[in-house]
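To start, the structure itself, in structure tokens.
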There are 2 protein chains.
Amino acid sequence: MPRPSEPTRARIVQAASALFYNEGIRRVSVDEVAAKAGLTKRTLYYHFKSKDDLVAAYLAARDQPNLALFRKWFEEAEGGVPVKVEAIFKNLARSARHPKWKGCGFLRTSAELANMPGHPAIRIGAAHKKKFEDWLRATFAEQGIADPLKLARQILLLLDGSFAVVLLHRDASYMETAGEAARTLIAMALKKKGQKRG
Amino acid sequence: MPRPSEPTRARIVQAASALFYNEGIRRVSVDEVAAKAGLTKRTLYYHFKSKDDLVAAYLAARDQPNLALFRKWFEEAEGGVPVKVEAIFKNLARSARHPKWKGCGFLRTSAELANMPGHPAIRIGAAHKKKFEDWLRATFAEQGIADPLKLARQILLLLDGSFAVVLLHRDASYMETAGEAARTLIAMALKKKGQKRG
DNA sequence: TTGTGTATATTCACTGGTTAGTATACATAC
DNA sequence: GTATGTATACTAACCAGTGAATATACACAA
């Protein structure tokens, strides 16, 4: 069952990814993506039925790698869960200091397409954040924290807040401030659990 | 010293405001703004030298009213500072449940124009958030909190995080979760101060 | 081995519509 | 009669998506 050639499709997504992330969705034309991928627009429209479809593919391709990176940062940090979560923020701050950094592609896309609530790209973004929230919730549940979902959401709020604020101010130190708040909230939830047991 | 007629200019900004907030900056054409304001594009270009100029005016017009609203929500809430700050989040959640709500205009604009770091609209957005941060910092300083700037930034991170997350998930309950986290962090900072004194 | 049919993959050239910004002229007020 | 303000009509570029033709690969029969 032969299907649309994978390497070509992947090259298109890669080109779209770089352009959409750096310039924004509506700023980038399909012609530009095709040119960057080294083929014609007509060929691109053979592999993707519309620009919206291409935008969705751009975010879908970022889903797993992004989550894997967060998990890696968490796992390779030494210490308890509060310190491990804070390590995610510290690593993110390091990334955000690179000049080409332009925030979170999922959030920026949802902000740009806010007038199209059912857009597939927004759904992919929402699913991505939900996966991260779920992973945090499971991690906190393992620690016996009383309301792991609430805590996971608070950490997510700090994380996405730091994406937004750092993009606006171009000051990555906000990410470290967010990490500190996250560590504090987690440590307090752990303490509370201890009090209930003892 | 006669200057460009104020009512006309204000009507243009009002039209631009509605369109840019609802549809996004790059999605809306100057023609649409002019039509909504009830005049021709050429007239609009008499009052604003470029579309970028118009975008900046759109955000500048939202600066003071937005800050005033937050202060009002803070002041009319009954209770201590933690509860008063949480009230801001609760009121915001109520706003966010309106179907026309589409997040924070400042953040969405900065996300859409992330490829133009020096854009005047982004500077206006950054200044707006800084003013809110300053107001929080002063409020916390009055309470004798040890590091009022850090706490102010953590609240700001939760606030802007909730703008981003609620826009993505269309679930305003995240704002109440953020408010709870804010209240917790402030209450803890107040307690810490008390411990140092006692 | 060679011919041939078929689905995959790619290109050129085009359409109909939109867009930011402008040249020019006309109106109105003081 | 000069500065302010408004409208008509235009440019030159851009943009999402398509029609029609073509090229490539591979299965299978002779």
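Below, chain A is the first sequence line, B the second, and so on; all start at residue 1.
Of the residues near DNA chain D, B/Arg42 and A/Arg42, the one whose nearest nucleotide (by heavy atom distance) lies more toward the 5' end is B/Arg42.
One atom, OH of B/Tyr45, and another, P of D/dA7, lie 16 Å apart when rounded to the nearest Å. Remark: P of D/dA16 and CZ of A/Arg27 are 12 Å apart, rounded to the nearest angstrom. D/dA13 atom C1' lies 15 Å from atom CG of B/Asp31, rounded to whole Å. Remark: P of D/dG17 and CG of A/Leu54 are 10 Å apart, rounded to the nearest angstrom. In this structure, B/Arg11 atom CZ and D/dG5 atom C1' are separated by 12 Å, rounded to whole Å. Computed from coordinates, the B/Tyr46 OH to D/dT6 C1' distance equals 10 Å when rounded to whole Å.
Contacts of B/Thr40 with the nucleic acid, taken as non-hydrogen atoms under 4.0 Å apart, include base atoms. Residue-level contact check: A/Val28 touches the backbone only, with heavy atoms under 4.0 Å from sugar-phosphate atoms and none from bases.
Between the side chains of B/Asp52 and B/Ser50, no donor-acceptor pair is found at a separation under 3.5 Å.
Distance alone, capped at 3.5 Å, places no donor-acceptor pair between the B/Arg183 side chain and the B/Val83 backbone. Between the A/Thr43 side chain and the A/Leu39 main chain, no donor and acceptor come within less than 3.5 Å of each other.
Of the side-chain N and O atoms in B/His47, none sit less than 4.0 angstrom from OP1 or OP2 of D/dT4. When the side-chain nitrogen and oxygen atoms of B/Thr43 are compared with OP1 and OP2 of D/dG5, none of them lie within a distance under 4.0 Å. In this model, the phosphate group of C/dT10 is approached by a side-chain N or O of A/Thr8 to a distance below 4.0 Å at OP1 or OP2.
Residue A/Val30 has its side chain nearest to D/dA16 when only C/dA20, D/dA16, D/dA7 are considered.
Between A/Phe74 and A/Trp135, the distance separating the two ring centers is shorter than 6.0 angstrom.
Looking at A/Lys41, its side chain comes within 3.5 Å of the base of D/dG17 through a donor and an acceptor atom.
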